**Q** 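I'd like to ask you about the structure that follows.
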Amino acid sequence: MARGVNCIAPKTIMNLIMLISVLCLCTKSVEVEAQASRLPAAEVEALKEIATQVGKKDWNFSIDPCSKDTNWNTPESADSLYSNILICSCTYPDGFCHVVSISLQGQDLAGVVPPSAAKLPYLTTVRFTRNYLNGTIPREWASTKLKYLSVDVNNLSGPIPGYLGNISTLTHISLKNNYFSGTVPPELGKLVNLNNLILSANNLTGKLPLALTNLTKLTELTISSNNFTGGIPDFIQSWKQLQKLEIQASGLQGPIPSSISALSNLTELRISDINGPGSEFPPLSSMTGMEKLMLRSCNLSGRIPAYISAMTSLKILDLSFNRLEGDIPDLAALKNLEYLYLTSNLLTGSIPNWINSREYQIDVSYNNFYPSSEPACGRETLNFFKSFSARDNSTYRSFGECLSSYPCPKDRYSLHINCGGKATTIGGINFEGDPDLGGAAKFVPVRPIWGISTTGHFWDANPTSNDYIANNASTLGMNNSELYTSARLSPLSLTYYARCFGNGNYTVRLHFSEIIIRGNRSFYSLGRRMFDVYIQEKLVWKDFDIEKEAQGVDKEVIKDFKAVEVKNKTLEIRFHWSGKGTTTAPKKGTYGPLISAISLESEFTPPHDKKSKVPIVVGASVGASVLCLIFLILGILWWKGSLDSKTSREKALRELDLQTGFFTFKQIKAATNNFDPINKIGEGGFGSVYKGLLLDGTIIAVKQLSSKSKQGNREFVNEIGMISGLRHPNLVRLYGCCVESNQLLLVYEYMENNSLARALFVPEESPLKLDWSTRQKICIGIARGLAFLHEESALKIVHRDIKTTNILLDRDLNSKISDFGLAKLDEEENTHISTRIAGTIGYMAPEYALWGYLTYKADVYSFGVVALEIVAGKNNMKYRPNENFVCLVDWALVLQQKGELLELVDPRLGSDVSEEEAIRMIKVALLCINAAPALRPTMSAVVSMLEGRTAVHELVTDPSTYGDELRLTALTNQFDHSSSQNPSETQSLIPSSSDAPRIGSSATTTSSDLYKINPSTSSC
């Protein structure tokens, strides 16, 4: 055998060696190829950290992120609103792939800008546009080699980090539509390779730093909608490569410096809404490549220069709202022109013939042209409203001829318009339809007595025929929703003009609702709409913000302007966008005035007008309101008894519905199925509460006053007098009442999700799971409702019984304050109100419970207790963490001393809590429950603190001092009054576990209840 082995031929051995070598080489090649398709483990881990930090949950790490088979990459949509793209490059010499670009756009990611992006050493591009990222740009990014950085439309705040200046590779920075504040850091001047600097729609202040002159490669600078100071700097001439310059409502002052002439490469120039000294037209003759030119509201005077006609590439020319004079120059050579706005100037002469022959959008409204040059009516792309100097006593000629060829047949004294919507009837008032689609330069004669003038288009959006009518983005739950389902929208200026009105004073009522911007925690909520309101050419509201005034989206806000004088039988209402707010959230083109409905009513009795007018309630004393109400009720009762015809009676009774505010007992019985126990939804201080259904489909809550109720008719009428006229998004609305056959009934709006107490404390009976954002919304809503009652309502009211059972939740979990049956008006001349104690143990302020001293600060105290319950998810009276504490308030005060406030947070919330917001809410609550009323904040201050607009000034209360004072006084009262105590009038101070909080529930405490306070629990 040994001899046989030794006999193997050398040639065979060589072939075997060669085969093994080839196999080894092939194996090595396969390994290299496999290695080349892989992302290094460190970068995979970095991506996992990034996903956690931004809140990205759908990345599949079981697949190589750089593999062609991965489903990570979702192509961008045509409008770039959404993308989920990870780009790898596999051309590096180390044989690995590396992440070079991350694009996560329009995904509502609610985390933070990820610090771990700095762990991707080859990353050059990040796009986190249209999300809900918080915080700021992390310091870790200063070590990266980023070239392109975009975090537009997010919730970022604080100063722009100066360490961005260390990323010397940056060529593009876009921070638009955030909440950055402070000055522009001079460190950005170190970014000598920067091409694009976009800082619009933030809260930036101060002057532009001189260091920015180093950015000589800039091709785009956008700084609109900020709060800068000083003038437009002369050093803009340093940016000779600029192609786009946008300075709209930036805060910078005029005039436009002559040094702008150095920017000969500009193709787009937008300057608008600058204050300060005016000037003549700036020198722009070198900018022959200009395509879009806006010099709007720049206080320009003099003539429009003829060299504009040399800008042959011009598509948009907007010179509106200046003081330009003389003739319109010959711009017929501008063959590419699509939009021409010369609105609101002092232009004279004749309208050129070339304007009449062009079909593009032309607006020459509000000028002083010769009447002989007036174009014919009917062209939809030419607006010449109020453009001519000739006028008579009743109307402008252009307006009159386009509406009717005859004088006013008779004077009008009221007008109601459903702006952008169809005709509808609300409360017996007929609102006329306003369905015309509008346009960029259009005068619309809707009726012979009124019309609309629209000016402007959305610059950064693709124009469509639907740009000028807004439709609601969700189901509307407010009353009279027909007025708010659609609204008229304008990118610049919108005028409603009415003629044929009798001279005298009128009340103008404007209805608004924000139906485009959303109120959720997403980029859809990051829009900020602001515009100006003019009536009779007088500014009546600057920077009007619908969402702020209505305290939320999809909520109505109505503004009344009284004593509006009509002199020449005409009335004009104009809405104007002055460049402030955002323009890209939730999508491009979301800005400008938004009006839902308009009502005009004379404040005088029309001559020879036999028709009854719908009165405009402007507020009156409670005594007068109650007296009128009593007469109305008595009149209805008498009227019903005097009718003999059953048919007439039933027909008339059907008219007593939600619009009149009065209901028959028959209606209420039918609605509640004869007060079927199945429909009983609560037990209030007055009696039972029933769910009902009216014939028109409206769901109501009926409060049936108990026959044993000691309040009786007097308290009932008092409640009606105070509540029926109050309208606020955070107050339960009272529809009306029923007084019949010894029945006293109140009819309220129905609240689908019952009370806050049930949702927080009785989870087994409530399907609601209140996450942190919902709890915060509820808390702020309660605060807003109380601020309205205390400070904003025509009738200043102290509620006196704020508690979680009196906070009801609608279908969208908006909080509304209920049960004003025991509220009293605060007489301004009184320093306090001394009256029968009415409230609930555990929520009453000590000065009110012990001495009957009642001010608005008693409600503030009660709110503080409710706010603590919202954070903790625990009932103040029922919660005792151990024998050392007697209630939630007691525990909170001790935790404040220890600096452990987060121990209060409801453990059911888990990690779904913003610690910053929770700490803020707790500190505000502790301010509110201060034993000294003078140290408690007002409710408007509470709203500001809860929303983060005002810092919370922390006051640390000594729990022992607080409790000892209250216990001592309670014991003194018990000793002094024990002989007069009537046990039959007292009630249990500690609710049993079987007491399920229900809608409309109310508990009151008489003074005798105070004598039963257990000293060990009196601090609660």
Side-chain angles (χ1 to χ4, degrees), residues 81 130 132 152-155 176-179 200-203 224-227 246 248-251 272-273 296-297 419-421 438 454-461 466-474 476 478 483-496 510-534 539-559 573-598 729 947 949:
L81 288 179
R130 289 184 175 83
Y132 200 79
D152 293 350
V153 193
N154 276 283
N155 198 35
K176 180 170 56 178
N177 205 150
N178 280 281
Y179 296 90
S200 293
N202 281 287
N203 297 316
S224 299
S225 189
N226 278 292
N227 300 304
E246 185 180 321
Q248 290 189 248
S250 64
S272 79
D273 302 282
R296 176 200 298 163
S297 299
C419 303
T454 63
T455 303
H457 73 285
F458 295 107
W459 278 55
D460 295 313
N466 298 318
D467 285 347
Y468 303 90
I469 300 291
N471 294 300
N472 60 303
S474 63
L476 300 179
M478 81 276 282
L483 292 182
Y484 306 98
T485 301
S486 57
R488 188 161 291 282
L489 184 65
S490 173
L492 176 56
S493 181
L494 169 65
T495 300
Y496 278 85
L510 304 179
H511 302 250
F512 303 95
S513 181
E514 180 55 69
I515 58 174
I516 300 178
I517 299 170
R518 301 293 81 214
N520 50 14
R521 294 175 64 87
S522 78
F523 73 84
Y524 288 93
S525 69
L526 296 175
R528 303 187 289 274
R529 182 191 306 280
M530 289 183 282
F531 56 92
D532 304 333
V533 181
Y534 294 81
L539 179 64
V540 297
W541 202 298
K542 181 69 175 174
D543 298 336
F544 183 76
D545 185 328
I546 299 174
E547 183 179 2
K548 179 180 178 181
E549 294 298 323
Q551 299 180 349
V553 303
D554 294 342
K555 298 179 179 180
E556 65 178 341
V557 57
I558 301 173
K559 294 297 180 182
I573 304 167
R574 190 169 71 86
F575 308 93
H576 181 85
W577 182 61
S578 56
K580 296 183 180 179
T582 61
T583 61
T584 56
K587 63 180 182 179
K588 293 180 180 179
T590 303
Y591 62 90
L594 186 71
I595 175 68
S596 297
I598 293 174
E947 292 179 340
R949 293 183 281 111

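Quick note: numbers below take in every heavy atom, side chains included, and nothing from hydrogens, waters or symmetry partners. All values derive from a computational prediction rather than experimental measurement. Residue indices begin at 1 and follow the sequence shown.
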**Q** So Asp532 and Leu539, side-chain contact (heavy atoms from CB on, under 4.5 Å) or not? Walk me through it.
**A** CA-CA 7 Å; Asp532 304 333; Leu539 179 64; 3.8 Å; yes

**Q** So do Ser578 and Lys542 actually touch side chain to side chain, heavy atoms under 4.5 Å?
**A**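 Yes; the side chains approach each other to less than 4.5 Å.
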
**Q** Is there side-chain contact between Cys419 and Ile598, with heavy atoms separated by less than 4.5 Å?
**A**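 Yes - at least one pair of side-chain heavy atoms lies under 4.5 Å apart.
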
**Q** Do the side chain of Asn154 and the main chain of Asn178 share a donor and acceptor less than 3.5 angstrom apart?
**A**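 Checked: no pair found.
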
**Q** The criterion is ring pair (Phe, Tyr, Trp, His ring centres under 6.0 Å); which residues satisfy it with Tyr132, sequence neighbours excluded?
**A**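 Partners of Tyr132 by the ring pair (Phe, Tyr, Trp, His ring centres under 6.0 Å) criterion come out as none, since no residue qualifies.
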
**Q** If the condition is side-chain contact (heavy atoms from CB on, under 4.5 Å), which residues does Ser490 pass it with, not counting sequence neighbours?
**A**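 Expected list: Leu494, Pro593.
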
**Q** Minimum heavy-atom separation for Phe512 to Leu510, with atom names?
**A**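 Shortest heavy-atom separation between Phe512 and Leu510 comes out as CE1-CB, 3.5 Å.
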
**Q** Using every non-hydrogen atom in the two residues, find where Ala201 and Gly581 come nearest and quote the distance to one decimal.
**A**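 In terms of heavy atoms, the two residues are closest at CB-O, 3.9 Å.
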
**Q** With heavy-atom distances below 4.5 Å as the criterion, would you say the side chains of Leu489 and Ile516 are in contact?
**A**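 Contact flag for Leu489/Ile516 side chains = yes.
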
**Q** Strictly by salt bridge (charged side-chain N to carboxylate O under 4.0 Å, His left out), give each pair with a member in residues 550-559 just once, sequence neighbours left out.
**A**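 Every pair satisfying salt bridge (charged side-chain N to carboxylate O under 4.0 Å, His left out) with a residue in residues 550-559: Arg518-Asp554, Glu549-Lys559.
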
**Q** With the side chain counted from C-beta on, respond yes when Thr590 and Thr583 share a heavy-atom pair under 4.5 Å apart, and no when they do not.
**A**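 The answer is no; the side chains never approach within 4.5 Å.
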
**Q** Please find the pair of heavy atoms, one from Ala597 and one from Ile595, that lie closest to each other, and give the distance.
**A**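 For Ala597 versus Ile595, the nearest heavy atoms are O-CD1, 3.5 Å.
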
**Q** Is there a side-chain contact between Arg488 and Tyr496, using heavy atoms and a 4.5 Å cut-off?
**A**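 In short, these two side chains touch, coming nearer than 4.5 Å.
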
**Q** Walk me through it: do Arg574 and Ser493 pass the test side-chain hydrogen bond (donor to acceptor under 3.5 Å, both in side chains)?
**A** CA-CA 7 Å; Arg574 190 169 71 86; Ser493 181; 3.1 Å; yes

**Q** Mind checking what makes side-chain contact (heavy atoms from CB on, under 4.5 Å) contact with Glu547, not counting sequence neighbours?
**A**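 For Glu547 the side-chain contact (heavy atoms from CB on, under 4.5 Å) partners, ignoring immediate neighbours, are Ile517, Asp545, Val553.
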
**Q** Students often mix this up, so state it plainly: with edges at 30° and 60°, are the rings of Trp541 and Phe544 parallel, tilted or perpendicular?
**A**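 Plane angle over 60°, so perpendicular.
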
**Q** Taking C-beta and beyond as the side chain, do Glu514 and Tyr484 meet within less than 4.5 Å on heavy atoms?
**A**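 Not touching, per the 4.5 Å side-chain cut-off.
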
**Q** What heavy-atom pair brings Asn203 and Asn226 nearest, and what distance separates the two atoms?
**A**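 Closest pair (atom of Asn203, atom of Asn226, distance): N-OD1, 3.5 Å.
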
**Q** Please walk me through it: do Ser224 and Gln248 pass side-chain hydrogen bond (donor to acceptor under 3.5 Å, both in side chains)?
**A** CA-CA 4 Å; Ser224 299; Gln248 290 189 248; 4.7 Å; no

**Q** For the pair Ser272 (side chain) and Ser297 (backbone), establish whether a donor and an acceptor sit closer than 3.5 Å, ignoring hydrogens and angles.
**A**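 No, the answer is negative, given that no donor and acceptor are paired below the 3.5 Å cut-off.
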
**Q** Could you check whether any side-chain heavy atom of Ile546 comes within less than 4.5 Å of a side-chain heavy atom of Arg529, counting everything from C-beta outward?
**A**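 Yes, at least one pair of side-chain atoms sits under 4.5 Å.
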
**Q** Does atom OH of Tyr524 have more than 12 heavy-atom neighbours, drawn from other residues, nucleotides or ligands, at distances under 6.0 Å?
**A**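 No, not enclosed.
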
**Q** I need the minimum non-hydrogen distance between Phe523 and Arg130, along with the two atoms involved.
**A**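 Phe523 and Arg130 have their closest heavy atoms at CD2-O, 3.1 Å.
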
**Q** If you take the centroid of each ring, where Trp contributes its six-membered ring, are Phe531 and Tyr591 closer together than 6.0 Å?
**A**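 No, the ring of Tyr591 stays outside the 6.0 Å limit from the ring of Phe531, centre to centre.
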
**Q** Please name all residues satisfying side chain to side chain donor-acceptor pair (under 3.5 Å) with Asn466, sequence neighbours left out, ordered by chain then number.
**A**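 Checked Asn466 against side chain to side chain donor-acceptor pair (under 3.5 Å); zero matches.
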
**Q** Applying ring pair (Phe, Tyr, Trp, His ring centres under 6.0 Å), name anything that partners His576, two or more places apart in sequence or on another chain.
**A**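 Applying ring pair (Phe, Tyr, Trp, His ring centres under 6.0 Å) to His576 gives Phe321.
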
**Q** Considering non-hydrogen atoms only, spot the tightest contact between Ser486 and Gly421 and give its length.
**A**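 Closest heavy-atom pair between Ser486 and Gly421: OG-CA, 3.3 Å.
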
**Q** Sub-3.5 Å donor-acceptor pair from the side chain of Asn177 to the main-chain atoms of Leu526, do we have one?
**A**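 Judged by distance alone, yes, a pair lies under 3.5 Å.
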
